[in-house]
Amino acid sequence: MPLHYPHPRPPAAGTLLEVVPGVFWVRMPLPFQLDHINLWLLRDGDGWVIVDTGFADDDVRANWEAILAGLDGPVGRLVVTHFHPDHFGLATWLIEKTGAALAMTTGEFLTAHAVWNEVGGHGARFMVEQFRQHGLDADHLARFAKRGSGYRKAVPSLPDHYRRLMEGDTVAVDGRKWRIIIGHGHAPEHMALYCAELGVLISGDMLLPRISTNISVFAATPEADALRWYLDSLDCLEREIPGGTLVLPSHGLPFTGVQPRVKALHAHHEERLRALEESCEDVPKSAAGLLETLFPRALDTHQTMFAMGEAIAHLNHLEQAGRLSRSIDTDGVIRYSRLQHLAAAH
Ligand SMILES: [Zn+2]
C-alpha cells in the first residue's frame, strides 16, 4: 500500500495552509541540503498554539514576522518536539515576541542546555573524541574541532523555564485532546502529538515520508543502541496510530500510511545492517571506514557528522544483537568484525 499525499503543494513562505480544520501548515527554509522544515499552527479558541520554531536565521525571522502579523489572536503556547536547532532555534525569540508559554519534555530541554554549554558529554569537543575513537581521519576531526558547537549559532539563546510534558499526557487545544507520544533514537525524549478526534499525528522527526530519520549516538552514552530505541518507537506508532491518520512530518509532505511507512523503514534499516555485516566479513572496520558502505556519495562536513552518528548507531546495534564483535586496536580505534564473532562462536 503506497503512501497517500493529500496536500501535494507546500504553503508559500510566510503563509499558512490549513490541512485539517484548525491545523495549519507553515514551511520555513533551512540552510542545508535538507532545505526546509514544516511547522504547525493550531487554532486554540481566540488564540494560537505554535509547534516548533524553525532555524535561527533572518529569513525565518522575516517569515515569522509576516505570519504573526496576520494572526487574529495571541499565541498562548509554544510546543517544541525536540531540541534540534531547526525545531528549537527561535524559541526564545518567539517567546519574547508573543509571550507564549513553552512546553516540551525534560529530556529535550536539558539536552539543549547541555549541548549549548558543552557539558556532561554533550557538544563538539566530546563528539570529536567520540569520532576519533571511531576512526575518523585527522582532517575531518580538525574541521569539527574548528567548527565548534554549531548549536550556539543556530540556537542563539535558550529559555530558562518550561512546562514539562510526559508520555501519555494530554494537552487540550481548542477543546480537543492531543496525546503526547514520546519516541527515542533521534533525540533523547522526542515528542509527537496525536489527536484522535481530528485523526492527525504531528510526528516531528520520528516518522518522515521519504527520508529516513537520522539516528545518532551521543558521546555521553557511547554504547547506546539508539537504532533499537528508534525501531521500538516506530513499532509503538504502528500499533497505536490508526491507518487513516494524517501524519504531519517535520520534513516532506503530509501523508497517510503509518503502517506501510513503518514497514519500509524497518526494511531500510535491516538492509543497512546487512550491508555493514558483509563489509566487516574479511577485515575489521571502523565506523569511519564504513561510511562509504552506508553513504556511497561525497559528504560535506555537516553530513559527515550525521553519517558518523548513523554508522555508530547501526554498529552498536549489530554488536548488541551479537551480529558483529567489537575490538579496540592498539591505535585506540574501535573496529567491528564478523570474522572474530564467528571464530569466537566455535
Ligand atoms: Zn531532529
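Order of listing sets the numbers, starting from 1, for every ligand and every atom in it. Hydrogens, waters and symmetry mates play no part in the numbers below; they use all other heavy atoms, side chains included. Since this is a predicted model, take the numbers as computed values, not measurements.
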Metal proximity, H82 vs the Zn ion (ligand 1), N/O/S cut-off 2.8 Å: yes
R261 side chain vs L208 backbone, donor-acceptor pair below 3.5 Å: yes
Parallel, tilted or perpendicular, as decided by the 30° and 60° cut-offs, for the rings of H190 and H186: perpendicular
Check ion pair E277-R274 (N to O, under 4.0 angstrom): no
N, O or S of D86 under 2.8 Å from the Zn ion (ligand 1): no
Shortest-distance N, O or S atom of D205 relative to the Zn ion (ligand 1): OD2
Closest approach of P156 to R61 (non-hydrogen atoms, all atoms of both residues): CG-NH2, 4.1 Å
H186 NE2 and H84 ND1 subtending at the Zn ion (ligand 1) (10° steps): 90°
